[in-house]
Amino acid sequence: MKKVMVAMSGGVDSSVAALLLQRQGYSLCGATLSLYSNRDIGLEETKTCCALDDVEDARRVCAKLGIDHLVFNMKAQFKQGVIEPFAQGYQRGETPNPCIECNRSIKFSGVLTRAQQLEYDAIATGHYVQSEYDNAAGRWLLKKAKDPVKDQSYVLYVLTQTMLASTLFPLGGLNKQEVRQLAEEHGLVTARKSESQDICFVPDGNYAGFLTRTLGIVSEPGHFASPQGEVLGQHEGMIHYTLGQRRGLGISADRRLFVIQKDMQSNTVVLGDEALLMQRWMMVDTLNWVSIGMPQSSIRAQVKSRYRQAAQPAWLHPQEDGRLIVEFDAPQRALTPGQAAVFYADDIVLGGGTIRGNILEEKRP
RNA sequence: UGGGCUGUAGCCAAGCGGUAAGGCACCAGACUUUGACUCUGGCAUUCCGAUGGUCCGAAUCCAUCCAGCCCAA
């Protein structure tokens, strides 16, 4: 009987993942990563918080299923691998995606390492994705979930062949309704827990406040300016803004204004019409190729430049320095440095990388 | 202290006698394992600078006052 360690976050998805694997006859244990303490996220040490509740929920589900539950302390790694890069990204004027970094350097490798130490054959997660081995190519393929509404392949483009070879995704063929129903039928306490809650280590959703209060990051106020350089008002510090943002600017005008540029040199946030956000080219680095190797010449693909967005047709142009230029068929809105670009061939994840910036039409190669 | 103009919600602004458009901002939800975007709803009943008046009825007409702006001096 194969032994599988299920990564359990304390949510409904990973709970049902465990349930399904158990019904399929695997020998299981549940594993929850302890990623941060209250002090790490600026709360009082004594206060019970959501993270603890999640661990408890995972433990209850394991008890219900009659399997062992382990908690691994990953606080130091999480701080170094996720929280610190998150802060650094914002300080550079980028808009980082901490969930991607967590998947890249903490979650999978963390559970996999422990699983191997304890002589488990594989790990499993509650992600809505599918994987399969391609005999012809000799590679594992990462594929979108059957249900496109819940597909989470975007946040897993960072997985390596080694990780894919050892990971099961029991939810890839289900939809959310089915998952909740299964949880309900089997009396799992997580059945009705709500969906995501912002960044996990920023429970109140105020990431700028987190950066300032907890990490002591200083972001100086500066000018809002029009594309022509006219001063429109005062901003509260660069970390509060991201490309394409409209709300929270506090600038009233005769039309909607969006953040179209962050000039770190002059500490200026440039506001303008949405049309100014549309670009066809962007530079991508920190690449990871999943279902194929690094292409040697330009290839066609569909590209997602943010999580909740349909993949858009584009050319991928590999560069000699190892980076990649993406050329979209049609202009895309707010290609934002720090965010992930993920490349697809229909439902297969080819790979992805980090957006470094858009490339203006006149500067394109 | 001659002449002209303007005063409608936090900002912009429609209305020109019939019982307060719209945009921006803001707030609340929805959506969401990141940040955003988007969508839905809310947002002038101390009523249209103030006070009087005309009228069945005024933000809209009249008078006076107040405030601000502009042009002359």
Side-chain angles (χ1 to χ4, degrees), chain A residues 7-15 17 33 35 50-51 54 82-83 85-87 89-104 106-108 125-129 145 148-158 169 171 176 179 190 193-211 224 226 232-235 238-260 262 269 271-278 304-310 332-342 352 354-355:
Chain A
M8 299 184 68
S9 64
V12 62
D13 293 331
S14 52
S15 300
L33 301 181
L35 300 174
C50 50
D54 287 339
V82 177
I83 295 181
F86 175 74
Y90 266 107
Q91 287 180 297
R92 284 196 301 271
E94 301 185 346
T95 305
N97 185 332
C99 293
I100 301 265
E101 290 313 311
C102 183
N103 288 334
R104 189 202 306 278
I106 307 294
K107 195 175 289 177
F108 282 81
T125 77
H127 287 103
Y128 290 83
V129 293
V149 176
K150 284 302 295 181
D151 172 54
Q152 292 174 318
S153 59
Y154 175 86
V155 295
L156 294 185
Y157 84 86
V158 291
F169 300 110
L171 304 189
K176 192 74 189 193
V179 167
T190 52
K193 284 183 80 170
S194 59
E195 295 294 289
S196 73
Q197 45 270 302
D198 305 310
I199 300 173
C200 71
F201 55 90
V202 187
D204 66 354
N206 180 4
Y207 72 88
F210 172 82
L211 290 172
F224 281 124
S226 71
L232 300 174
Q234 294 292 310
H235 74 238
M238 283 293 189
I239 62 171
H240 292 84
Y241 310 98
T242 187
L243 249 48
Q245 179 174 337
R246 170 167 87 86
R247 300 189 160 256
L249 304 178
I251 301 295
S252 58
D254 55 358
R255 64 191 188 285
R256 293 181 172 182
L257 293 178
F258 298 84
V259 173
I260 62 171
K262 290 170 73 174
V269 177
L271 307 180
D273 290 321
E274 192 164 30
L276 297 170
L277 286 165
M278 306 303 287
K304 283 176 78 162
S305 52
R306 51 174 44 71
Y307 182 56
R308 302 290 301 174
Q309 179 200 52
Q332 301 298 308
R333 183 182 184 285
L335 301 171
T336 307
Q339 291 286 293
V342 181
T354 304
I355 299 172

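Here is how names work: the chains are called A, B, and so on, in the same order as the sequence lines, proteins then strands, and each is numbered from 1. Bear in mind the structure is a predicted one, so any value in this text is a computation, not a measurement.
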> What would the secondary structure line of RNA chain B be in dot-bracket form, counting Watson-Crick and G-U wobble pairs under 3.5 Å, with [ ] for pairs that cross earlier ones and | for pairs with another strand?
Replying inline: .(((((((.[[[..)..(...]]].(((((.......)))))......[[[[[..)....]]]]]))))))..
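Rounded to whole Å, the distance from CG on A:L243 to P on B:rU34 is 19 Å. The separation between A:L211 atom CG and B:rG35 atom C1' is 11 Å, rounded to whole Å. Look at NZ on A:K304: it is 18 Å from P on B:rA36, rounded to the nearest Å. Remark: C1' of B:rA36 and NE2 of A:H240 are 15 Å apart, rounded to the nearest angstrom. Rounded to whole Å, atom C1' of B:rG35 lies 15 Å from atom CG of A:L335. Atoms NZ (A:K107) and P (B:rU34) sit 11 Å apart, rounded to a whole Å. One can place CZ of A:R306 at 11 Å from P of B:rU38, the figure rounded to the nearest angstrom. Protein atom NZ of A:K150 is 8 Å distant from nucleotide atom C1' of B:rU32, rounded to whole Å.
Donor-acceptor pairing under 3.5 Å, judged by distance alone, is present between the side chain of A:Q339 and the base of B:rU34. Side-chain atoms of A:T242 and base atoms of B:rG35 include a donor and an acceptor less than 3.5 Å apart.
Looking only at distances, no side-chain donor or acceptor of A:K304 sits under 3.5 Å from a matching main-chain atom of A:A310.
Atom NZ of A:K107 is separated from atom CG of A:L156 by 8.5 Å, given to the nearest 0.5 angstrom. One finds the CG atom of A:L232 at 6.0 Å from the CD1 atom of A:I251 (value rounded to the nearest 0.5 Å). The structure places CZ of A:R246 at 10.0 Å from CG of A:L257, a figure rounded to the nearest 0.5 Å. Here A:E94 contributes atom CD and A:M238 contributes atom CE; the two are 13.0 Å apart, rounded to the nearest 0.5 Å.
B:rG4 and B:rU8: their C1' atoms are spaced 22 Å apart (whole Å). Remark: the separation of the P atoms in B:rU51 and B:rA13 is 24 Å, to the nearest Å. Spacing between B:rA59 and B:rU19 at atom P, rounded to whole Å, works out to 11 Å. Between B:rG18 and B:rA58, the distance separating the two P atoms is 12 Å to the nearest Å. Spacing of P atoms, B:rU6 relative to B:rC62, comes out at 12 Å, to the nearest Å. Atom name C1', nucleotides B:rG68 and B:rA21: the rounded distance is 26 Å, in whole Å. Spacing between B:rG7 and B:rU46 at atom P, rounded to whole Å, works out to 24 Å. Of the P atoms belonging to B:rU60 and B:rA25, the separation is 31 Å, rounded to the nearest Å.
Among the atoms of the strands shown, none is found under 4.0 Å from any heavy atom of A:K176. Using a 4.0 Å heavy-atom distance criterion, A:Q152 is classed as a base contact. Residue A:F86 is classed as having no contact, given no heavy-atom separation below 4.0 Å to the nucleic acid. Residue A:S9 is classed as having no contact, given no heavy-atom separation below 4.0 Å to the nucleic acid. Counting any heavy atom pair closer than 4.0 Å across all strands shown, A:Y241 reaches no nucleic acid atom.
Here the side chain of A:R333 is nearest to one of B:rA36, B:rC37, B:rU34, namely B:rC37.
Base orientation of B:rC37: syn (glycosidic angle within 90° of 0).
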>> Output one letter per nucleotide in nucleotides 20-28 of chain B: B when a protein non-hydrogen atom lies under 4.0 Å from the base, S when only the sugar-phosphate is that close, - when neither is.
In response: ---BBSSB-
> Should A:L243 and A:T95 be marked as a side-chain contact (heavy atoms from CB on, under 4.5 Å) after you check the CA-CA gap, both sets of side-chain angles, and the distance that decides it?
Replying inline: CA-CA 8 Å; A:L243 249 48; A:T95 305; over 6 Å; no
> A:D273 and A:R256: salt bridge (charged side-chain N to carboxylate O under 4.0 Å, His left out), yes or no, with the steps?
Replying inline: CA-CA 7 Å; A:D273 290 321; A:R256 293 181 172 182; over 6 Å; no
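Between A:R308 and A:G244, the one whose closest nucleotide on RNA chain B sits nearer the 5' end is A:R308.
The shortest side-chain heavy-atom distance between A:H235 and A:Y241 falls under the 4.5 Å cut-off.
If you look at A:F169 and A:Y128, their ring centroids are not closer than 6.0 Å.
Residues A:D13 and A:K150 are not paired through a salt bridge, judged by the lack of any N-O separation under 4.0 Å between the basic side chain and the carboxylate.
The heavy-atom pair separating A:Y154 from A:A340 by the smallest distance is OH-O, 2.7 Å.
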